[in-house]
Each structure stands twice: as C-alpha cells, then as structure tokens.
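First the structure, in the form of structure tokens, and then the observations on it.
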There are 2 protein chains.
Amino acid sequence: MKNTIKETRLKYNLTQDELAEQLNVSRQTIISLEKGRYNPSITLAFKLSRIFKCTIEDIFLYEEG
Amino acid sequence: MKNTIKETRLKYNLTQDELAEQLNVSRQTIISLEKGRYNPSITLAFKLSRIFKCTIEDIFLYEEG
DNA sequence: CACCAATGTAAAATAAGCTTTACGTAAAGT
DNA sequence: ACTTTACGTAAAGCTTATTTTACATTGGTG
C-alpha cells in the first residue's frame, strides 16, 4: 500500500525522530513505513491522520488485489 | 477503539461467516473485531470500508488517550 | 578536515493481528 | 428429539508489526 507519509512529514517540517516521538513509536517504524516495508496498525494510521490533520484515506492509498 | 462492524454487517444482512469470506479472513477474526478484542490492520480496515461502501472513519471511532 | 544532524540498514527480540481446531450454546425448522 | 444455522469461547501456533541496539552514509557547517 502506498502512502504519503514522507511528503507530508516534510510539509510539516518534521524529522523522522520528531514524528516518531509524536506518534510514540520508534524511528525505525517511521523509516519502515515511509519505505513501504509494512503496513501500520489502524491505530497508528489514526494517530498519523490526527497529526497530519487529514483522513486515513488521504495518507494511505489502498489498491485491491 | 470502537467500531460499527456488527451493526453494519447486519444492515447488509451478512453472517459472520459471509463477511469473513468476503474479507478473506477467518470467522474468528470477525468475532474478535466485533467484540473489540483487537484492532485490525489498516489493510483489513480498507477491505471493510470497500465492502461497507464507506470510509474507515465511518467504521472505526478512534479516541486518543 | 572534523563534526553533527538526519537518514539509512541489518538483525534479533517482543507484541499484536490472525488462523486453525475444537467445542459450547441457543434459536428455528422438520 | 434431531439437525442445522449462527454466534460464542479458548488455546496453540503462525505471521506481521514494532522495538531495540548498533553501526554506516550523506550533507551541511565551523
């Protein structure tokens, strides 16, 4: 699943460390998410949507298959 | 996190088995989700939103804390 | 060049989502 | 009574998300 985490994070001028801290996850988690290595829990997705002031659907692009 | 899976499933006249099949998960997963025993992956949340023709935010109510 | 901040990689460990199997219960139909 | 359908529980096991630690790389700045 594609996501816009990196772009949006940069729009907010946040480092990976800062975003990780706001989400209460490790920096590794941010890196792995930005790199698309895995998909987050819905809880993490919601936290991201709060910080980025948008919907989950704005951040994550789901394509079935 | 609260969700409206059970209510929405019933609105669509689906059994737990049928919903599980459409989502490609086990019936146990549906039961556990409806009972709020755990939160789904974002992938499963997206699949649900497709089947229920609504947004993830319509199905799941996230309250921070 | 040396230094520091930000990003990246890799591997091992833990937590959480999800499956599988097996059994229990209650309602509805025959 | 017996069967079927739908829902529920419990436990063991597998898979994937997330953490932790440690080290490498790149770019800017003194």
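So you know, we letter chains A, B, ... as the sequences are listed, proteins then strands, and number each from 1. The structure presented is a predicted model; accordingly, all values stated were derived computationally and were not measured.
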OP1 or OP2 of [N] under 4.0 Å from side-chain N/O of [X]:
| X | N | value |
| --- | --- | --- |
| A/K6 | C/dG8 | yes |
| A/T29 | D/dA17 | no |
| A/S26 | D/dT19 | yes |

Starting from [atom2] on [N], measure out to [atom1] on [X] and report it in whole angstrom.
| X | N | atom1 | atom2 | value |
| --- | --- | --- | --- | --- |
| A/L23 | D/dT18 | CG | C1' | 12 Å |
| A/E18 | C/dA6 | CD | C1' | 10 Å |
| A/E34 | C/dA6 | CD | C1' | 11 Å |
| A/N24 | C/dA16 | CG | C1' | 17 Å |
| B/N3 | C/dG17 | CG | C1' | 15 Å |
| A/I30 | D/dT19 | CD1 | C1' | 13 Å |
| A/L19 | C/dA6 | CG | C1' | 14 Å |
| A/L33 | C/dT9 | CG | P | 14 Å |

All pairs passing side chain to side chain donor-acceptor pair (under 3.5 Å) where residues 40-53 of chain B contributes a residue, at least two apart: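 Sorted result for residues 40-53 of chain B: A/E64-B/R50.
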Side chains of [X] and [Y]: closer than 4.5 Å at any heavy-atom pair?
| X | Y | answer |
| --- | --- | --- |
| A/F52 | A/R9 | yes |
| A/N3 | A/L61 | no |
| B/F46 | A/E57 | yes |

Test applied, side-chain contact (heavy atoms from CB on, under 4.5 Å); reference residue, B/L19; option that passes from B/L33, B/T8, B/I51: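 The residue from B/L33, B/T8, B/I51 that satisfies side-chain contact (heavy atoms from CB on, under 4.5 Å) with B/L19 turns out to be B/I51.
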Nearest 0.5 angstrom please: [X] [atom1] to [Y] [atom2], how far?
| X | Y | atom1 | atom2 | result |
| --- | --- | --- | --- | --- |
| A/L44 | A/I30 | CG | CD1 | 6.5 Å |
| A/L48 | A/T55 | CG | OG1 | 12.0 Å |
| A/L10 | A/T15 | CG | OG1 | 10.0 Å |

Whether B/E34 side chain and B/I31 backbone form a donor-acceptor pair below 3.5 Å: no
Residues touching DNA chain D, which here means a heavy atom under 4.0 Å, drawn from residues 10-17 of chain A: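 By residue number: none to list.
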Residues from residues 37-56 of chain B lying under 4.0 Å of DNA chain D - heavy atoms: B/R37
Overall bend - the helix from C/dC1-D/dG30 to C/dT30-D/dA1, comparing terminal axes fitted on five pairs, nearest 10 degrees: 20°
Which donor-acceptor pairs under 3.5 Å do side chains of residues 20-28 of chain B form with protein atoms, sequence neighbours excluded?
from	atom 1	to	atom 2	distance (Å)
B/S26	OG	B/T29	N	3.3
B/S26	OG	B/T29	OG1	3.2

A/F60/A/T4 under side chain to side chain contact (heavy atoms under 4.5 Å, CB included): CA gap, chis, key distance, verdict: CA-CA 7 Å; A/F60 295 93; A/T4 65; over 6 Å; no
Give each protein N/O atom lying under 3.5 Å from an N/O atom of nucleotides 22-30 of chain C, with the pair distance.
none

